[in-house]
Amino acid sequence: MSETALDAAFFVRWMTAAAAVIDREADRLTELDSPIGDADHGRNMQRGFAAVVKVLADEPPATPGAVLVAAGRQLISSVGGASGPLYGTLLRRAGKALGEAPQVSAQELRSALGTGVDAVAQLGTSAPGDKTMLDALVPGVAALETSFGAAAGAAEEGALATVPMQARKGRASYLGARSIGHQDPGATSSALLFAALADVAE
Ligand code: ADP
Ligand code: MG
């Protein structure tokens, strides 16, 4: 993993790139949320990340931790669906774990995201294998040990691996065995967050 120091501007670029890829992929995320949900995941994420970009532009935070805390807060307050509080918790808790350092290493980011993912699992009472965002987040964070590109690949594989799973959490779980054969929308958007991270880290 590279030793590059990541500053607040890097984290703003990450959130901005995430908003852009979510905007491009919003229709696909909503389509994935149609057979096993309520067809709002793309719109939820689009609304949330547009609000994140706006708050970061209006009041640019001075540290990496403050960027993630501000982004997480904004997701919690602007997204109504289950994914808003879950993604909001991920970023807010990761941001708090980074503390007030003006720059952080990739390893510190990995560790902070690990703390955020644990908080998501606790809030969602969910675990890998339940066919949720955790199925992309957990392998993505683990592969950050290697590189940002490896993390993006592992998260994408994790999202694809949700297809044969039966959902045990969230709306999709109401469908029981009928949730099998569909890719989880939240795992798919999580993979997009790692793709955006790999893009800005290049
Ligand atoms: P809603 O389900 O309220 O319509 P979204 O459609 O925006 O919210 O988000 C759905 C996604 O949220 C799912 O695809 C799944 O990845 C994630 N999710 C739902 N419940 C949980 C949970 N308990 N733990 C982890 N992730 C969850
Ligand atoms: Mg939904």
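FYI, side chains are in, hydrogens and waters are out, and symmetry mates aren't considered; it's all heavy atoms of this structure. These numbers were taken from a predicted model, which means no experiment stands behind them. All ligand and atom numbering here is 1-based and tracks the order in the structure. Starting from 1, each residue takes its place in the sequence as its number.
Formation of a donor-acceptor pair under 3.5 Å by the Asp135 side chain with backbone atoms of Gly129 is found in this model. Listed for the Thr162 side chain is no donor-acceptor partner under 3.5 Å among the backbone atoms of Gly158. Judged by distance alone, the side chain of Lys169 and the main-chain N or O of Ser126 form no donor-acceptor pair under 3.5 Å.
By the 3.5 Å distance cut-off applied to N or O atoms, Ser83 is counted among the residues near ligand 1. Here's the thing with Leu86: none of its N/O atoms is less than 3.5 angstrom from an N/O atom of ligand 1. Backbone and side-chain nitrogen or oxygen atoms of Asn44 are examined, and one is located within less than 3.5 angstrom of a nitrogen or oxygen of ligand 1. The distance criterion of under 3.5 Å between nitrogen or oxygen atoms is not met by Leu134 with respect to ligand 1.
Protein heavy atom at the shortest distance from atom 20 (N) of ligand 1 is Gly170 CA, 3.5 Å. Nearest to atom 14 (O) of ligand 1 among the protein's heavy atoms is Asp184 OD1, 2.6 Å. Annotation: atom 12 (O) of ligand 1 to nearest protein heavy atom, Met133 CE, 4.1 Å. Taking atom 24 (N) of ligand 1 as the reference point, the nearest protein heavy-atom neighbour is Ser126 OG, 2.7 Å. Atom 9 (O) of ligand 1 has its closest protein heavy atom at His41 ND1, 3.2 Å. Atom 3 (O) of ligand 1 has its closest protein heavy atom at Ala82 N, 2.8 Å. Ranking protein heavy atoms by distance to atom 23 (N) of ligand 1, first place goes to Gly124 O, 3.0 Å.
Counting just the N/O/S atoms of Asp38, the one with the shortest distance to the Mg ion (ligand 2) is named OD1. The minimum distance between the Mg ion (ligand 2) and any N, O or S atom of Asp33 involves atom OD2. Sorting the N, O or S atoms of Asp40 by how far they are from the Mg ion (ligand 2) puts OD1 first.
Less than 4.0 angstrom separates some heavy atom of Gly81 from each of these atoms of ligand 1: 3 (O), 8 (O). Short contacts between ligand 1 and Arg171, defined as distances under 4.0 Å to a heavy atom of the residue, involve ligand atoms 1 (P), 2 (O), 3 (O), 4 (O). Close approach of ligand 1 to Asp33 is summarised as follows: ligand atoms under 4.0 Å from at least one heavy atom of the residue are 6 (O). Taking every non-hydrogen atom of Asp40 and a distance limit under 4.0 Å, the qualifying atoms of ligand 1 come out as 4 (O), 5 (P), 6 (O).
Ion pairing between Lys54 and Asp58 holds under the 4.0 Å rule for side-chain N and carboxylate O. At a threshold of 4.0 Å, the pair Glu25-Arg28 counts as salt-bridged, since one of the basic side-chain nitrogens sits closer than that to a carboxylate oxygen.
Interatomic distance, Leu75 CG to Arg47 CZ, rounded to the nearest 0.5 Å: 11.0 Å. We find the NZ-OG1 distance between Lys96 and Thr89 to be 11.0 Å, quoted to the nearest 0.5 Å. Atom CE of residue Met45 and atom OG1 of residue Thr188 lie 10.5 Å apart, to the nearest 0.5 angstrom.
Taking a 4.0 Å cut-off on heavy atoms, Pro185 registers as neighbouring ligand 1.
With respect to Arg171, the salt bridge (Lys or Arg N to Asp or Glu O under 4.0 Å) criterion is satisfied by exactly one of Asp33, Asp184, Asp38: Asp38. In summary, of the residues considered (Asp23, Thr30, Asp27), a side chain to side chain donor-acceptor pair (under 3.5 Å) with Gln46 occurs for Asp23 alone.
With no hydrogens or angles considered, a side-chain donor-acceptor pair links Tyr87 and Ser190 at under 3.5 Å. Side-chain atoms of Gln166 and Ser179 form no donor-acceptor pair, as typed in the model, at a separation below 3.5 Å.
Here atom 4 (O) of ligand 1 lies nearest to Asp38 when heavy atoms of Thr132, Asp38, Ile36, Val120 are compared.
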